[in-house]
Amino acid sequence: MSNPNQRHVLCALVQNVPGVLAHISGMLASRGFNIDSLAVGETEDPNLSRMTFVVVGDAHVLDQVGKQLEKIVTVVRVLDVSSRDFVERDLLLLKVQAPAGPVRSEIRELVDIFRGKIVDVGPEEIMVEISGRENKVQAFIERMRPYGITELCRTGRIAMVRSESRMPRIDQLAGKTASA
């Protein structure tokens, strides 16, 4: 029996044309699929963009999301990254209250421990950049809460399969032969 709360990281290579993001997110929403995380950016090919998103559900949900995505004309390929050995990252920018003195030094030490960077310093707050797995980013946020987070911004998840792995298409995972 598959886990109904399994986290699936999917990547879709899409044509780099206006309206693709709205079309895909609207289609998924209209069919009742929730996107937990979404990141979109250009690829090594200027004609293609890569959408990385996280959906939660069982194998049936994964199969249905894949089928719906592959029906869209602007979608070139859908890949289930989470079925392979992969690397994923989130990016966080966070402003935290940090008056000059010992508090600022404590925050600086925590930033170093989490291998982050201070990217802006103001008289009463600093801005920090952290990247890493979701649990690392979340742990850093929790460590900063007592100091007073004034603003927070996160990217969606991005992910790539490690070099030795070959990414299966979703229709291949369902036991179908993929047509190129």
Charged N-O contact under 4.0 Å between E88 and R7: yes
R108/D112 ion pair, N-O < 4.0 Å: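 Looking at D112 together with R108, the answer is no, because their closest N to O distance does not fall below 4.0 Å.
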Shortest non-hydrogen separation from [X] to [Y] and the atoms involved:
X	Y	value
S37	R157	OG-N, 2.6 Å
A39	I158	CB-CG2, 3.7 Å
I130	G116	CD1-CA, 3.4 Å
M51	L21	CE-CD1, 3.6 Å
V61	V56	CG1-O, 4.1 Å
T150	Q97	CG2-CG, 3.6 Å

Does the side chain of [Y] come within less than 4.5 Å of [X]'s, by heavy atoms?
X	Y	value
R31	Q68	yes
L152	I141	yes
L91	E129	yes
R89	T155	no
V76	L48	yes
E151	L94	no

Within 6.0 angstrom of E42 CD, more than 12 heavy atoms from elsewhere: no
Qualifying residues under side chain to side chain donor-acceptor pair (under 3.5 Å), relative to Q138, sequence neighbours excluded: E142, R154
Linked hydrophobic residues, V119 as query - side chain contacts closer than 4.5 Å: L93, M127
Rounded distance [0.5 Å steps], CZ in F53 versus CG in L28: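 The CZ atom of F53 sits 6.0 Å away from the CG atom of L28.
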Which donor-acceptor pairs under 3.5 Å do side chains of residues 9-19 form with protein atoms, sequence neighbours excluded?
unit_1, atom_1, unit_2, atom_2, d
N16, OD1, S49, OG, 3.3
N16, ND2, P46, O, 3.1

